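Everything below concerns the one structure shown next.
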2 protein chains.
Amino acid sequence: MTSTKFRIVIIEDDHTLRDGYAYLINNSPSSVVVASYCSFDHAKNNLSKDRPDVILLDIQLPGTNGIDALPALKKLLPDTYVIVLTVYESEKTILHALANGANGYFTKNNPFPKIIDAIQEVTQGGGPMSINVARTVIMSFQRNQNSPLTKRETEVLILRSQGKDRSQIAEELFIETETVKTHIKNIYSKLNVNSRADSIRVARENKFI
Amino acid sequence: MTSTKFRIVIIEDDHTLRDGYAYLINNSPSSVVVASYCSFDHAKNNLSKDRPDVILLDIQLPGTNGIDALPALKKLLPDTYVIVLTVYESEKTILHALANGANGYFTKNNPFPKIIDAIQEVTQGGGPMSINVARTVIMSFQRNQNSPLTKRETEVLILRSQGKDRSQIAEELFIETETVKTHIKNIYSKLNVNSRADSIRVARENKFI
DNA sequence: AAATAAATCCCCCTAAAAGGGGTATAATTT
DNA sequence: AAATTATACCCCTTTTAGGGGGATTTATTT
């Protein structure tokens, strides 16, 4: 009979980690490592014939890094799930990876055997994440409680960040365009900026909006 | 000696579920239910004396719903973790809850005993989520692959969504402002809109940006 | 009761931006 | 060969943005 094991490809430049994951996966009943590569550049020409169900991808790779490899992987193998395995846990890296198509994200300090569960989970359409990643992701949705902006100013700036102009904002908030203007002036003063783009940037960077 | 168990409050209008969770929690070694309420409106005046470490919150509640209760809860008890427990798994509801300060999010079809792990996890600063929620959250970061916009148009629209004007965009992309204008015209035409705000709205709704 | 903060509204001004209409060329990709 | 993409320019009018100024009302807090 044909094996129904999940086909796994590992792209990771650290030999020890690569062998560790491979050992674990090959000793699990549900998965088998069909190939390992030390960089995306080495992997890309073989992936089509490897036909992986799941790719374990490191971020810090020689040549093309994992973040940049993701869109290419997704284009090459649209139905393959990609789980990122990395030491990076900065919000920027995590969100970037997810935006680029990562289906799961684990930091390497995560208990090793969890990767087996993660493979199961991702093939069932889940989005496996380690605890600290989940925290980062959740925190990325949350606003800063110490915003200098008032409730109304925050509302105005959010509408502004949706590309709306003064009159559209005025209409939506049932106030005059002149009032909107005043709010904007106060926002600029509080954020120490003097343009729409800067106000949105500063507010986003600080999660005021 | 003083108990070090985590103090849990349940806000849930379904008696059966409430009792089920309470039973599980009270039989775990690490947590104890200090109070249960059938609505946020009933809960709010008692929460200060309940001093919960974790609140399990339903979304569909009589009176103030869970989404709206979240900011109020966070204001009242800034150091209390809130785990949302609900049948709602629409992207909108989930992201709304997270934006409003939820520290975890579980749908009720999740294995019941997982809530004990979730309480542990959230108190350790994690962001526990059920599989389908994690999937939704991860998907919320991902772009639609079927965008009608070209790469360049997408770039332009993203910069636009950052509040940048034509000249700022031109500078950033090393092209002329007139070229930016052409891209914008083509974007409008493809998205069938004729304003900045509408183009950003449509593109976001469809995850083109 | 007084002070502060927040939200509302109005005036002036100028430069820039937005949006709609065209057209055109070089490079890619199909 | 044909289509797509990215680039750039022209015309035009209306609107917006940002900087100045000042004022009123309503909450909230002290």
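Note on naming: letters A, B, ... go to the chains in the order of the sequence lines (proteins, then strands), and numbering restarts at 1 for each one. None of the values given here were measured: they were computed from a predicted structure.
- Residue side chain B/K185 does not reach the base of C/dG20 through any donor-acceptor N/O pair under 3.5 Å, judged by distance alone.
- Regarding contacts with the backbone of C/dA17, a side-chain N or O of B/S167 is found under 4.0 angstrom from either OP1 or OP2.
- Of the candidate nucleotides C/dA18, C/dT8, D/dC11, C/dA18 has the atom nearest to the side chain of B/D165.
- Taking atom CZ on A/R152 and atom C1' on D/dA27, their separation rounds to 14 Å, with Å as the unit.
- The CD1 atom of A/I184 sits 16 Å away from the C1' atom of D/dG20 (whole-angstrom rounding).
- Less than 4.0 Å separates DNA chain D from no heavy atom of any residue of residues 155-163 of chain B.
- Distance NZ (A/K164) to P (D/dA17): 14 Å, rounded to an integer number of Å.
- Remark: aromatic rings of A/F106 and A/Y21 are distant, center separation not under 6.0 Å.
- For A/N186, no side-chain nitrogen or oxygen approaches OP1 or OP2 of C/dA6 to under 4.0 Å.
- When heavy atoms are screened at a 4.0 angstrom cut-off, B/E176 is found touching the sugar-phosphate backbone but no base atom.
- Residue B/R166 places its side chain closer to C/dA18 than to any other of C/dA7, C/dA18, D/dA6.
- Judged by distance alone with a 3.5 Å cut-off, a donor-acceptor contact links the side chain of A/T182 to the base of C/dC9.
- Along DNA chain D, the nucleotide nearest to B/T177 and the one nearest to A/A197 differ in position, and the one closer to the 5' end is contacted by B/T177.
- Checking B/I55, B/V32, B/D53, B/I119 one by one against B/I8, the side-chain contact (heavy atoms from CB on, under 4.5 Å) holds for a single residue, B/I119.
- Among the protein residues, B/K151 comes within range of the sugar-phosphate backbone only, with heavy atoms under 4.0 Å from sugar or phosphate atoms but none that close to a base.
- In this structure, the side chain of B/Q168 engages the main chain of B/D165 through a donor-acceptor pair within 3.5 Å.
- You'll find the side chain of B/S199 reaches within 4.5 Å of the side chain of B/L157, heavy atoms only.
- Summarising the geometry, the separation between CG on A/L149 and P on C/dA7 is reported as 10 Å, rounded to the nearest angstrom.
- Straight-line distance from the CG atom of B/D198 to the C1' atom of C/dG19: 13 Å, rounded to whole Å.
- A salt bridge between A/E91 and A/K207 is present, with a side-chain N of the basic residue lying under 4.0 Å from a carboxylate O of the acidic one.
- The side chain of A/K181 lies closest to D/dG20 when the candidates are D/dA6, D/dC10, D/dG20.
- Look at A/H183 and you won't find any side-chain N or O under 4.0 angstrom from OP1 or OP2 of C/dA7.
- Among the protein residues, A/T179 comes within range of the nucleic acid bases, having at least one heavy atom under 4.0 Å from a base atom.
- Separating the CD atom of B/E178 from the P atom of D/dC10 is a distance of 7 Å, rounded to the nearest angstrom.
- Comparing atom distances between the B/T150 side chain and each of D/dA6, D/dT7, C/dT8 picks out D/dA6 as nearest.
- The residues B/R201 and B/E205 are annotated as salt-bridged, a charged nitrogen and a carboxylate oxygen being separated by less than 4.0 angstrom.
- Of the candidates B/L159, B/L173, B/I175, B/V180 forms a side-chain contact (heavy atoms from CB on, under 4.5 Å) with just one, namely B/I175.
- What separates CD1 of B/I169 from P of D/dT7 is a distance of 13 Å, to the nearest Å.
- For the pair B/E171 CD and C/dA17 C1', the interatomic distance rounds to 16 Å; values are reported in whole Å.
- Contact record, B/N103 with B/T80: OD1-O, 4.1 Å, taken as the closest heavy-atom pair.
- Each of C/dG20, C/dT8, D/dG18 was ranked by its minimum atom distance to the side chain of B/Y188; first place goes to C/dG20.
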